[in-house]
K.L.:
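This is the structure I have questions about; it appears just below.
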Amino acid sequence: MTETANEQIADTLEKTPFISELVKNQLVLKLTSILIMILIGLVFLKIARKLIDKLIESERSGKIANKSKIKTAGNLLYSIIKTIVVFVVLIGILDGLGINTSALIATAGVGGLAIAFASQSIISDFIKGAFIIIDDKIRVGEWIQTASAEGEVEELNLRTTKIRDFNGSIHIIPNSQIEKVQNFNRGPAKSDVSFRLSYDTDLRTAKEIIEKVSKELKNTEYKKDFIEDFSFFEINSFDEFSYKVRMLAEVKAGSQWAIARKARELIKLEMEKRGIKASLVGYETNEKI
């Protein structure tokens, strides 16, 4: 049978109403099944999003106070679910179109293995990011020091961590580089303030200033942040014309720097009231924010 004859037979079959209708029905069936799979995937993702959001809200309303960790973990879970759903729907669509997905998956597996070897640092970032979230090492909004950067955690995801420093600069750090973390927002913190007094100001006056400032701080917006009030800690050093007094308070994490700034302001005002000359007084500043 010649090629021309084959073409004539095919053309005749296409013009046959039954065959033509069958082909159309098959095409409509495939398109319908594809649309149904996409719709099922979208509905499943919407339900998953609502369930995760509901879980997050229930945890927030309970005794667990780590809102940022819960939210980050929820977003991570949704991303994993979304990736799986998209993959399953895509495979279903390709199967519906008659494409051999087994061979495609095998090829993708080999290609994925090659990519994995070529991008080990990226994989390391993702694995480390997952452990940072699971281990609750850092949270969004906390002030930390890590990987030669110090500042407030602005964003935490599987690939990178973004830290905003005191000057406003943003540090984007791959998670694989986050090894040692100094977190300033976990547990009670020490508010540390030092100030200098001339030698003609006795130590009793220094302790009176500390006590007065401590009482005044309890009448400010920071009164609920104190765990232990300021008290005299030590004479830190002796210089040619002055000695340095150090006082400490135990406060809620994150409030230590603001309280220290306010304390220095009140110390200066108290010294002015007592007639202690500012020219003989210096202040030590070591604040994070």
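Remember, it's a predicted structure, so these values are computed and weren't measured experimentally.
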K.L.:
Within the structure provided, determine whether Val245 and Ile210 are in side-chain contact (heavy-atom separation under 4.5 Å).
P.N.:
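The answer is yes, as the side chains (C-beta and beyond) meet within the 4.5 Å cut-off.
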K.L.:
For a 4.5 angstrom cut-off between non-hydrogen side-chain atoms, does Thr146 reach Ile163?
P.N.:
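A side-chain contact exists here, since the closest heavy-atom pair is under 4.5 Å.
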K.L.:
Could you give all pairs that pass the salt bridge (charged side-chain N to carboxylate O under 4.0 Å, His left out) test and reach residues 33-43, with sequence neighbours left out?
P.N.:
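Listed once each, the pairs would be none.
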K.L.:
Leu51, Ile84: one ILVMFWY side-chain cluster at the under-4.5 Å cut-off?
P.N.:
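Cluster IDs for Leu51 and Ile84 differ.
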K.L.:
Got a sec, which hydrophobics cluster with Ile40, joining ILVMFWY side chains under 4.5 Å apart, including via others?
P.N.:
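Members alongside Ile40: Ile36.
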K.L.:
Can you list, by chain and residue number, the hydrophobic cluster partners of Phe233 when the side-chain cut-off is 4.5 Å?
P.N.:
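Once heavy-atom contacts under 4.5 Å are chained together, Phe233 belongs with Leu248.
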K.L.:
State, to 0.1 Å, how close Arg264 and Val193 come at their nearest heavy-atom pair, and which atoms those are.
P.N.:
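Scanning both residues, the minimum pair turns out to be CG-CG1, 3.7 Å.
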K.L.:
What I'd like to find out is whether the side chain of Ile209 reaches to under 4.5 Å of the side chain of Ile276, using heavy atoms alone.
P.N.:
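Sidechains of Ile276 and Ile209: in contact.
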K.L.:
What's the spacing between Glu270 CD and Leu266 CG if we round to 0.5 Å?
P.N.:
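With rounding to 0.5 Å, CD (Glu270) is 9.0 Å from CG (Leu266).
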K.L.:
First locate atom NZ of Lys262, then atom CG of Asp225, and finally report the distance between them rounded to the nearest 0.5 Å.
P.N.:
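Spacing of NZ (Lys262) from CG (Asp225) equals 13.5 Å.
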K.L.:
For Lys215, what residues pass the side-chain hydrogen bond (donor to acceptor under 3.5 Å, both in side chains) criterion, not counting sequence neighbours?
P.N.:
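Checked Lys215 against side-chain hydrogen bond (donor to acceptor under 3.5 Å, both in side chains); zero matches.
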K.L.:
Taking all atoms of both residues into account, what is the closest heavy-atom pair of Ala206 and Phe195, and its distance?
P.N.:
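The answer is O-CZ, 4.4 Å.
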K.L.:
Determine whether Arg246 and Asp192 make a side-chain contact, defined as any pair of heavy atoms from C-beta on separated by less than 4.5 Å.
P.N.:
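With C-beta onward as the side chain, the pair touches.
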K.L.:
Measuring only between side-chain heavy atoms, which start at C-beta, is Phe184 closer than 4.5 Å to Glu150?
P.N.:
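Yes, at least one pair of side-chain atoms sits under 4.5 Å.
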K.L.:
Only counting residues at least two apart or in another chain, list the ones meeting salt bridge (Lys or Arg N to Asp or Glu O under 4.0 Å) with Glu152.
P.N.:
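With sequence neighbours excluded, Glu152 shows a salt bridge (Lys or Arg N to Asp or Glu O under 4.0 Å) to no residue whatsoever.
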K.L.:
Any idea which heavy atoms bring Ile227 and Pro188 closest together, and the distance?
P.N.:
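For Ile227 and Pro188, the tightest heavy-atom pair comes out as CD1-CB, 3.7 Å.
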K.L.:
Taking salt bridge (Lys or Arg N to Asp or Glu O under 4.0 Å) as the test, write out the residues that go with Asp202, two or more places apart.
P.N.:
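If we apply the salt bridge (Lys or Arg N to Asp or Glu O under 4.0 Å) test to Asp202, skipping adjacent residues, there are no hits.
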K.L.:
Side chains of Arg196 and Ser237: does their closest heavy-atom pair fall under 4.5 Å?
P.N.:
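A side-chain contact under 4.5 Å exists here.
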K.L.:
If I compare all heavy atoms of Ala253 with all of Ala189, which pair ends up nearest, and what's the gap?
P.N.:
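Of all heavy-atom pairs spanning Ala253 and Ala189, the closest is CA-CB, 4.1 Å.
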K.L.:
Please list all pairs passing the salt bridge (charged side-chain N to carboxylate O under 4.0 Å, His left out) test where one or both residues lie in residues 247-260, with sequence neighbours left out.
P.N.:
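Sorted pair list: Lys190-Glu250.
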K.L.:
List in chain and number order the residues that pass salt bridge (Lys or Arg N to Asp or Glu O under 4.0 Å) with Asp229, two or more places apart in sequence or in another chain; answer none if no residue qualifies.
P.N.:
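Residues passing salt bridge (Lys or Arg N to Asp or Glu O under 4.0 Å) with Asp229: Lys218.
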K.L.:
Going only through I, L, V, M, F, W and Y residues with side-chain contacts under 4.5 Å, is there a path from Val153 to Ile172?
P.N.:
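In one cluster with Val153: Ile172, no.
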K.L.:
What's the separation between atom CD1 in Ile144 and atom CG in Leu156, rounded to the nearest 0.5 Å?
P.N.:
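Interatomic distance, Ile144 CD1 to Leu156 CG, rounded to 0.5 Å: 8.5 Å.
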K.L.:
Hydrophobic cluster mates of Val86, side-chain heavy atoms under 4.5 angstrom, ILVMFWY only, any path?
P.N.:
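Members besides Val86: none; it forms no cluster.
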K.L.:
Please enumerate all residues that pass side-chain hydrogen bond (donor to acceptor under 3.5 Å, both in side chains) together with Glu272, with sequence neighbours excluded.
P.N.:
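For Glu272, the residues satisfying side-chain hydrogen bond (donor to acceptor under 3.5 Å, both in side chains) (neighbours in sequence not counted) are Lys268.
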K.L.:
Using salt bridge (charged side-chain N to carboxylate O under 4.0 Å, His left out), reason through Glu142 and Arg186 one step at a time and then give a plain yes or no.
P.N.:
CA-CA 9 Å; Glu142 291 185 328; Arg186 298 294 176 92; 2.7 Å; yes
K.L.:
Please list, one pair per line, the donor and acceptor atoms closer than 3.5 Å that link side chains of residues 126-134 to other protein atoms, with sequence neighbours excluded.
P.N.:
{"unit_1": "Lys128", "atom_1": "NZ", "unit_2": "Ile178", "atom_2": "O", "d": "2.4"}

K.L.:
Once rounded to the nearest 0.5 Å, what's the spacing between atom NZ of Lys212 and atom CZ of Arg274?
P.N.:
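These two atoms lie 6.5 Å from each other.
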K.L.:
Taking the side chain as every heavy atom from C-beta outward, state whether Leu203 and Phe232 have any pair of such atoms under 4.5 Å apart.
P.N.:
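They are in side-chain contact.
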K.L.:
Would a single hydrophobic cluster contain both Leu269 and Leu217, if residues Ile, Leu, Val, Met, Phe, Trp and Tyr are joined by side-chain heavy-atom contacts under 4.5 Å?
P.N.:
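They do share one cluster, since a chain of ILVMFWY contacts under 4.5 Å joins Leu217 to Leu269.
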K.L.:
So for atom OH, which belongs to Tyr243, do other residues, nucleotides or ligands contribute more than 12 heavy atoms lying within a distance under 6.0 Å?
P.N.:
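Counting neighbours around OH of Tyr243, more than 12 heavy atoms of other residues, nucleotides or ligands fall under 6.0 Å, so yes.
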K.L.:
CD of Gln182 to CH2 of Trp143: how many Å apart, nearest 0.5 Å?
P.N.:
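One gets 12.5 Å once the value is rounded to the nearest 0.5 Å.
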K.L.:
Between Glu154 and Arg164, does at least one N-O distance fall below 4.0 Å, as a salt bridge requires?
P.N.:
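Counted as a salt bridge, because a side-chain N and a carboxylate O are separated by less than 4.0 Å.
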K.L.:
Could you tell me if Asn167 and Ser169 have a donor-acceptor pair between their side chains, going purely by distance under 3.5 Å?
P.N.:
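No - no donor-acceptor pair under 3.5 Å links their side chains.
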K.L.:
Hydrophobic cluster membership, with links at side-chain heavy-atom distances under 4.5 Å among I/L/V/M/F/W/Y: are Leu39 and Ile47 in one?
P.N.:
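Result: yes, single cluster for both.
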K.L.:
What distance do Lys162 atom NZ and Glu155 atom CD have between them, rounded to the nearest 0.5 Å?
P.N.:
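If I round to the nearest 0.5 Å, the distance is 4.0 Å.
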K.L.:
For the residue pair Ala260 and Ser191, what are the closest heavy atoms and their distance?
P.N.:
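What the structure gives for the nearest pair is N-OG, 3.5 Å.
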K.L.:
Might you point out which heavy atoms bring Lys82 and Leu45 nearest each other, and give the distance in Å?
P.N.:
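Lys82 and Leu45 have their closest heavy atoms at CA-CD2, 3.5 Å.
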K.L.:
Could you tell me if the side chain of Ile267 sits less than 4.5 Å from the side chain of Met247, heavy atoms only?
P.N.:
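Heavy-atom side-chain distance check passes, below 4.5 Å.
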K.L.:
Restricting to salt bridge (Lys or Arg N to Asp or Glu O under 4.0 Å), what partner residues turn up for Arg159, sequence neighbours left out?
P.N.:
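So Arg159 forms a salt bridge (Lys or Arg N to Asp or Glu O under 4.0 Å) with Asp125.
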